[in-house]
Amino acid sequence: RQCRNQNIEIRNKLEARKLQTKNPHPSYEKLVDICRFEFVVSGFSIVSNFNIRISIFMSTHILRYVRITNSGKLSDRYVTTQIKEASDPDRRSYGRLFCIVEIVTPWQTGAQLGQTIINLTAREYFKNNDPDPLVRFEGALKKVNETLDQLAKTGETDWLEHLCATLALQVDDSIHLAATGKVYGWLIRSGLSSAVLDPSDGASTPGKTFSAVTSGQLEPGDRILLTS
């Protein structure tokens, strides 16, 4: 309903603009598909599949995402899904960070570590001035690894092999994924699915918790499902 109302509003604005213009620009009528991004956690997904087309002035992809997670605290684990964007309007082009963190330890024990991973990744990524998003992302992951290594050296190792996390960066039509532990990811394109993440036994070396980045390009109509 919201998308339909937005479509009507945009069409009305375009019609009014064309009445004021002797030679309307052909891109007024350009139709582009919405690129849907499905962000799924906790091992289940109920997502309706539909296509929407809207009239807009500039050709661009509009990213849609869905988060599914437990509504309350769990006694045996900490689990969260969060999305981070730059608070500085000048850095909105830096994209979005999609985060899944699950730590199979009591909630209070895992909550501080899980939030530290997310906040540290976001802070280090969005404050970096490097023009390359991948360089900024890898720099943030390096800082997270260093922090986890220091934490382990103080004797806090209960999270080792119990941390399942995916940190995903989306900038325009590019996506970069870093993961650890039993997490899964699929790309669905043209009705076919392919794995983009494979589960592992988790980090045995704290300083290499997020040691690899998988990168790719999104196309209109793509769906990516990420889950712990």
Side-chain angles (χ1 to χ4, degrees), residues 34-41 58-67 80-102 113-150 163-189 193-200 202-203 205-228:
I34 285 180
C35 179
R36 290 178 52 81
F37 184 98
E38 306 293 351
F39 189 80
V40 184
V41 297
M58 299 296 291
S59 177
T60 184
H61 298 311
I62 300 177
L63 193 72
R64 302 295 186 192
Y65 57 83
V66 175
R67 295 182 297 153
T80 185
T81 67
Q82 297 180 30
I83 300 167
K84 297 291 187 179
E85 296 181 271
S87 57
D88 183 352
D90 293 335
R91 301 206 172 193
R92 292 293 168 82
S93 61
Y94 275 34
R96 293 188 182 102
L97 285 169
F98 296 85
C99 310
I100 301 175
V101 176
E102 180 175 347
L113 175 61
Q115 200 58 54
T116 295
I117 291 172
I118 294 174
N119 291 344
L120 185 58
T121 303
R123 184 173 70 246
E124 292 295 319
Y125 174 76
F126 289 116
K127 78 175 185 179
N128 196 322
N129 294 319
D130 194 286
D132 189 336
L134 181 56
V135 172
R136 296 196 298 267
F137 189 48
E138 290 177 336
L141 296 176
K142 181 181 178 181
K143 187 64 176 180
V144 171
N145 287 337
E146 291 173 351
T147 301
L148 294 176
D149 188 49
Q150 290 297 320
L163 171 63
C164 305
T166 299
L167 302 173
L169 169 66
Q170 172 265 324
V171 182
D172 296 328
D173 59 353
S174 297
I175 188 164
H176 309 286
L177 304 168
T180 185
K182 290 180 172 59
V183 294
Y184 305 82
W186 298 271
L187 168 67
I188 301 175
R189 177 176 291 169
S193 65
S194 57
V196 293
L197 289 177
D198 294 316
S200 66
T205 305
K208 296 182 179 180
T209 300
F210 298 99
S211 58
V213 176
T214 300
S215 300
Q217 299 296 120
L218 294 172
E219 296 181 0
D222 280 357
R223 302 172 72 193
I224 289 185
L225 276 71
L226 304 173
T227 176
S228 60

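Worth knowing before you read on, the calculation uses all heavy atoms, side chains too, and leaves out hydrogens, waters and symmetry mates.
Of all heavy-atom pairs between I100 and S228, the closest is CG2-CB, 4.1 Å. Of all the heavy atoms in D222 and Q217, the pair that sits closest is OD2-O, 4.2 Å. In plain terms, the two heavy atoms of L134 and S215 that are nearest each other are CD1-OG, 4.2 Å. When all heavy atoms of R92 and S87 are compared, the pair lying nearest together is NH2-O, 3.8 Å. Nearest approach of L169 to P133, heavy atoms of both residues: CD2-O, 3.8 Å. Of all non-hydrogen atoms in L197 and A179, the two that sit nearest each other are CD2-CB, 4.0 Å.
The structure places CG of L148 at 12.0 Å from OG1 of T205, a figure rounded to the nearest 0.5 Å. Separation of atoms CG (L177) and OG1 (T214) is listed at 6.0 Å; rounding is to 0.5 Å. The OG atom of S194 sits 9.0 Å away from the CD1 atom of I188 when rounded to the nearest 0.5 Å. In this structure, the separation between CD on Q170 and CD on E85 is 9.0 Å, given to the nearest 0.5 Å. To the nearest 0.5 Å, the span separating OG1 on T227 from CH2 on W186 amounts to 6.0 Å. T116 OG1 to R123 CZ: the interatomic distance, rounded to the nearest 0.5 Å, is 9.0 Å.
By the 4.5 Å heavy-atom criterion applied to side chains, L163 and T180 are counted as neighbours. You'll find the side chain of Q82 reaches within 4.5 Å of the side chain of Q115, heavy atoms only. Using a 4.5 Å heavy-atom threshold, the side chains of L120 and T147 count as touching.
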Side-chain donor-acceptor distances from residues 135-143 under 3.5 Å, at least two apart:
from : atom 1 : to   : atom 2 : distance (Å)
R136 : NH1    : D130 : O      : 2.5
R136 : NH2    : Y125 : OH     : 3.1

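In this view, R91 and N129 satisfy the side-chain hydrogen bond (donor to acceptor under 3.5 Å, both in side chains) rule, not counting sequence neighbours.
Just one of I118, I83, T121, L167 meets the side chain to side chain contact (heavy atoms under 4.5 Å, CB included) condition when paired with L97; it is T121.
Judged by distance alone, the side chain of N145 and the main-chain N or O of F210 form a donor-acceptor pair under 3.5 Å. In this structure, S200 contributes its side chain and G181 its backbone to a donor-acceptor pair below 3.5 Å.
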